[in-house]
Engineer: 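The structure follows.
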Amino acid sequence: MPEWVEVIIRSISIIFGLFLITKLLGKKQLSKLSFFEYITGITVGDIAGTLSMDIELNLVNGISSILIWSLFPLIISIFSLKSKGFRDIVEGKATTFIQDGKILEGNMKKEKYSADELLEQLRKKDIFQVSDVDFAIFETNGELSVLLKKEKQPVKWEDMFNKKVKFYERPITIISDGTFLENTIYEAGYSLDWVRENLQSRKKDVKDVFLGQIDSSGGIFLDYYHDHLEIKKEKENGEN
């Protein structure tokens, strides 16, 4: 078989293989890459390119290597979904850069983030004055999420009909993946016992909660695991 034909066959096979692996990993891997996933993507691409061009390399060994490098992030993602502690270790935690309109220089220094880089990211969001920002957080994927002060936010439909506009603070996440975020609860001025009492009043345990947040008025929003199944059952009972 001519070498150029073998190169074509190898390349087409690897392209289809990478396509299937990408579908297996899911859309999240395309939109949000952690540092580890970024390194893995580079390595897999390098192996695939070398394997398609160098016909002296064993194709089976190369594909085995690509599978190992590709499936490892998938395995990590599965464990991350099951354990928040493991997810914090692998993906890291988001870091607050601006809180109550004040820049937290210590947090920026910890992330090796300069003032110029912060201003650049704000300008990309059409924000040219730091004084307009109430809260900004540096996400684990390297993006900056920003909450403008209420008076700087675009007018909402509800604001046009309310004479008194409420100045809402950002919601505080107190439960994630069935686990209490104790530090956040105490920093917000609440107690763990108070949160537990709210759960007991709803006849729920923390393990039943996928996500829990406190709003500016002290109300608790809870999203439960498999709550869509409960809604489906209620609809079916209503129809019967």
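Predicted model only: the values in this text are computed from it and were never measured.
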Engineer: Write down the atom of E139, the atom of A94, and the distance for their closest heavy-atom approach.
Structural biologist: OE1-CB, 3.8 Å
Engineer: Membership question, hydrophobic clusters at under 4.5 Å side-chain separation (ILVMFWY): are L67 and L51 in the same one?
Structural biologist: yes
Engineer: Would you list the pairs meeting side-chain hydrogen bond (donor to acceptor under 3.5 Å, both in side chains) in which at least one residue belongs to residues 116-127, sequence neighbours left out?
Structural biologist: S114-E117
Engineer: To the closest 0.5 Å, what do you measure between CD (E182) and CD1 (I174)?
Structural biologist: 12.0 Å
Engineer: Minimum heavy-atom separation for Y224 and R202, please, with both atom names.
Structural biologist: OH-CD, 3.6 Å
Engineer: I need the I220 CD1 to S201 OG distance, nearest 0.5 Å.
Structural biologist: 8.0 Å
Engineer: Does OH belonging to Y186 count more than 12 external heavy atoms closer than 6.0 Å?
Structural biologist: yes
Engineer: Between D205 (side chain only) and K207 (backbone N and O only), is there a donor and an acceptor less than 3.5 Å apart?
Structural biologist: yes
Engineer: Do L199 and V209 make a side-chain contact, defined as non-hydrogen atoms from C-beta onward lying under 4.5 Å apart?
Structural biologist: yes
Engineer: Show the nearest heavy-atom pair for residues N58 and N61, with the distance to one decimal.
Structural biologist: OD1-N, 3.0 Å
Engineer: Considering only heavy atoms from C-beta outward, does the side chain of T173 approach that of L181 to under 4.5 Å?
Structural biologist: yes
Engineer: What distance separates F180 CZ from I175 CD1, expressed to the nearest 0.5 Å?
Structural biologist: 5.0 Å
Engineer: Please give the remaining members of the hydrophobic cluster of F138, linking ILVMFWY side chains under 4.5 Å, ordered by chain and number.
Structural biologist: F97, I98, I103, M108, Y113, L118, L119, L122, I127, V130, V133, L144, V146, L148
Engineer: Applying salt bridge (charged side-chain N to carboxylate O under 4.0 Å, His left out), name anything that partners R196, two or more places apart in sequence or on another chain.
Structural biologist: D193
Engineer: Which heavy atom in T95 sits nearest to a heavy atom in N107, and how many Å separate them?
Structural biologist: CG2-CB, 3.6 Å
Engineer: Could you tell me whether the side chain of T96 and the main chain of Q99 form a donor-acceptor pair under 3.5 Å?
Structural biologist: no
Engineer: Membership question, hydrophobic clusters at under 4.5 Å side-chain separation (ILVMFWY): are L104 and F135 in the same one?
Structural biologist: no
Engineer: Hey, any chance L192 and I214 share a hydrophobic cluster, counting ILVMFWY side chains that come within less than 4.5 Å of each other, even indirectly?
Structural biologist: yes
Engineer: State the CD1-CD1 distance between I47 and I42, to the nearest 0.5 angstrom.
Structural biologist: 12.0 Å
Engineer: Is the count of non-hydrogen atoms from other residues, nucleotides or ligands lying under 6.0 Å from F86 atom CZ greater than 12?
Structural biologist: yes
Engineer: Backbone N or O of W194 within a donor-acceptor pair of the N198 side chain at under 3.5 Å?
Structural biologist: yes
Engineer: Does atom NZ of K149 have more than 12 heavy-atom neighbours, drawn from other residues, nucleotides or ligands, at distances under 6.0 Å?
Structural biologist: yes
